[in-house]
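First comes the structure, then the notes that go with it.
Letters A, B, ... mirror the listed sequences (proteins, then strands); counts begin at 1.
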Number of protein chains: 2
Amino acid sequence: MQNLGINLHHSALSRLNPVESGTLGKRVYDELRNFLMVGGVQPGEKITLRQLTSACGTSLMPVREAVQRLAAEGALEVLPNRAIRVPVMTKARVKEILKVRLMLEGMAVEEAAARIQVSVIEQLEELNETFSKEMRRRDDSSRLFQVNKEFHFTIYRAAEMPVLLGIIENMWLQIGPFLHFSLGVRGREATSQFAPDSHKRMIRAMRQRNAVMGRKALASDLGGAVELMLRLGNLPD
Amino acid sequence: MQNLGINLHHSALSRLNPVESGTLGKRVYDELRNFLMVGGVQPGEKITLRQLTSACGTSLMPVREAVQRLAAEGALEVLPNRAIRVPVMTKARVKEILKVRLMLEGMAVEEAAARIQVSVIEQLEELNETFSKEMRRRDDSSRLFQVNKEFHFTIYRAAEMPVLLGIIENMWLQIGPFLHFSLGVRGREATSQFAPDSHKRMIRAMRQRNAVMGRKALASDLGGAVELMLRLGNLPD
DNA sequence: TTTGTTACGATGTGATCACATATCATTGAT
DNA sequence: ATCAATGATATGTGATCACATCGTAACAAA
């Protein structure tokens with residue numbers, strides 16, 4: 001394990017599943033993207049192309065494509081040294097992203113309130129059910145974030161605004177790693193105090209076609225999470 | 001000129017300046033990005049990597065990087081056939097982008113109204129001056145779009161919200177090619193009826209620190225342009 | 001012990017080669 | 001004459017090689 005142990009322990013990289021469908025570049029992109037969103041790498045940690053190649057079992061080319069794409073989306077960062085790392089999140093950046101997300105996802109919620117199908121609302125009920133259930137488990141919390149993301153995007157998809165949806169996905173991709181990093185078990189306990197309630201209010205807003213209520217519920221949900229990030233995760237600036 | 005004349009005339013590609021600074025991939029990206037934003041390629045037109053290589057004088061690698069990045073940003077599109085083309089714009093897509101842009105750029109204008117420096121406002125005056133002057137010229141209109149873009153982004157930069165600014169740039173990149181394609185000389189004549197006035201109102205809003213007035217002026221500016229796009233450029237859907 | 005130099009290793013970038021596949025034109029049969 | 005089969009060409013993708021550059025550690029001099 002020559003120079004591997006810079007900061008990136010070997011066990012973390014080996015959790016990267018080999019790949020499955022599409023072009024190799026696309027597969028590596030999907031794997032790496034998901035790996036970043038569930039907090040597989042810490043903010044500020046540097047990664048190298050050759051580490052990824054050994055982890056994915058491919059050559060440099062697909063890895064290069066995936067990394068460059070992630071960098072273009074803001075999920076990775078290429079330093080002037082040409083080194084690659086997970087971006088660091090500052091407090092100012094967190095606050096700005098919260099502001100933008102409230103606007104973007106608020107619009108999505110309002111549109112969804114007017115268009116969402118009742119069958120989809122029932123899916124939301126189930127998702128929030130499993131979310132509350134998953135919240136009480138003590139093990140790895142990646143599944144919790146997964147369910148939470150699925151809940152939110154089930155609403156956002158109902159807005160039927162593909163451009164807006166793409167931007168929102170990009171925001172989640174950029175802030176995803178820090179959610180997992182900042183919010184550990186302590187964060188989850190604190191989250192359990194408001195998240196399920198906010199979700200219930202969002203479901204109620206969807207059922208009543210109440211756009212304003214939906215936006216308010218979303219604001220308390222996002223605001224609570226960001227509040228925790230600023231308090232628990234000691235961010236620079 | 002074997003199979004070059006698919007749809008892409010040789011003279012169009014030769015307008016791509018060789019490159020200048022940074023890594024080759026970055027240079028090709030900048031050149032190609034600018035080439036797309038000034039309407040160098042028509043929507044729906046297909047391009048090939050090897051065409052770009054001969055136009056840029058490099059090998060496949062830098063071109064691949066640039067194209068993949070543009071594709072990740074939505075400025076290019078990779079079909080299931082793995083062919084590369086400039087995305088086609090539908091009416092529904094135009095309308096959604098207008099809605100999202102009004103929200104994004106509206107927020108930027110409001111923030112800018114509270115933070116913009118008086119020296120920057122004077123820059124806006126000058127930019128709008130040259131904009132009006134450029135509007136009366138009959139030659140190639142790429143400079144007109146350039147000045148218009150600079151005017152808008154001078155305001156958006158004053159908002160001091162880098163994340164928001166990045167999203168807005170992405171929207172402009174996606175809709176840029178269609179502006180040039182849809183709005184020809186006819187579009188320019190129609191634009192001259194409202195654009196300078198909207199700009200003046202935006203400047204007045206900045207000077208008076210009036211966020212609401214700024215958003216309204218922006219709305220008439222964007223709305224006017226989109227109106228023209230929907231009317232003049234015969235879009236599918 | 002500290003500082004400046006040097007040499008080695010590793011990394012990102014670019015070029016070239018190889019290949020599966022899509023596109024299109026030619027050819028052949030009905 | 002129309003349509004299907006087939007062959008050739010071109011294109012995107014992946015692998016491998018080569019190289020300039022950066023980081024780091026070993027080493028020497030003070």
Side-chain angles (χ1 to χ4, degrees), chain A residues 1-10 13 16 18-32 41 44-72 75-87, chain B residues 1-10 13 16 18-32 41 44-72 75-87:
Chain A
M1 179 153 47
Q2 29 194 7
N3 205 341
L4 255 180
I6 310 174
N7 249 343
L8 195 56
H9 35 300
H10 182 275
L13 273 164
L16 258 170
V19 284
E20 292 183 0
S21 73
T23 68
L24 275 183
K26 177 87 177 157
R27 300 183 212 178
V28 174
Y29 166 79
D30 289 334
E31 286 293 331
L32 187 52
V41 199
E45 193 169 355
K46 284 186 284 189
I47 61 177
T48 67
L49 297 182
R50 286 171 175 83
Q51 285 175 348
L52 276 319
T53 59
S54 62
C56 297
T58 68
S59 80
L60 276 173
M61 291 302 312
V63 171
R64 284 174 65 175
E65 174 179 340
V67 167
Q68 286 165 357
R69 181 166 173 185
L70 265 329
L76 287 176
E77 191 179 15
V78 285
L79 302 177
N81 324 338
R82 292 180 171 175
I84 304 161
R85 72 169 184 185
V86 179
Chain B
M1 180 155 41
Q2 29 193 8
N3 205 341
L4 257 179
I6 311 176
N7 251 343
L8 196 57
H9 35 299
H10 181 277
L13 272 164
L16 256 170
V19 283
E20 290 184 0
S21 75
T23 68
L24 276 182
K26 177 88 176 154
R27 301 183 211 177
V28 174
Y29 166 79
D30 289 334
E31 284 294 330
L32 187 52
V41 199
E45 193 170 353
K46 282 187 284 188
I47 62 178
T48 67
L49 297 182
R50 286 169 175 84
Q51 284 176 350
L52 276 319
T53 60
S54 62
C56 297
T58 68
S59 79
L60 276 172
M61 291 301 312
V63 172
R64 283 174 65 174
E65 174 180 340
V67 166
Q68 285 165 359
R69 182 166 172 184
L70 265 329
L76 288 177
E77 191 180 16
V78 285
L79 302 177
N81 324 337
R82 293 178 172 180
I84 305 161
R85 71 168 186 187
V86 180

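Separating the NZ atom of B/Lys46 from the P atom of D/dG12 is a distance of 10 Å, rounded to the nearest angstrom. One interatomic measurement links the two molecules: CG of A/Leu70 to C1' of C/dG12, which rounds to 17 Å at whole-angstrom precision. Counting to the nearest Å, the P atom of D/dT11 and the CG atom of B/Leu79 are 15 Å from each other. Atom CG in B/Leu60 sits roughly 9 Å away from atom C1' in C/dT16 (whole-Å rounding). Nucleotide D/dA15 holds its P atom 11 Å from the CD atom of A/Glu65, rounded to whole Å. Distance A/Ile84 CD1 to D/dC22 C1': 14 Å, rounded to the nearest Å. C/dG14 atom C1' lies 7 Å from atom CG of B/Leu24, rounded to whole Å. Atom CZ of B/Arg64 is separated from atom C1' of C/dG14 by 12 Å (rounded to the nearest Å).
Along DNA chain D, the nucleotide nearest to B/Met61 and the one nearest to B/Leu49 differ in position, and the one closer to the 5' end is contacted by B/Leu49. Residue whose closest nucleotide on DNA chain D sits further toward the 5' end, between B/Gln68 and A/Arg50: B/Gln68.
A side-chain contact (heavy atoms from CB on, under 4.5 Å) with B/Leu70 is found for one member of B/Val86, B/Ile84, B/Val28, B/Leu32 and no other, namely B/Leu32.
When distances are taken from the side chain of B/Thr48 to each of D/dG12, D/dG14, C/dG12, the shortest belongs to D/dG12.
To the nearest 0.5 Å, the span separating CE on A/Met61 from CG on A/Leu49 amounts to 10.5 Å. Distance check, rounded to the nearest 0.5 Å: CD of A/Gln51 to SG of A/Cys56 gives 11.0 Å. Expressed to the nearest 0.5 Å, how far CD of A/Glu31 lies from CZ of A/Arg27 amounts to 10.5 Å.
Dashed line: the shortest gap from a side-chain N or O of B/Asn81 to OP1 or OP2 of C/dT23 is under 4.0 Å.
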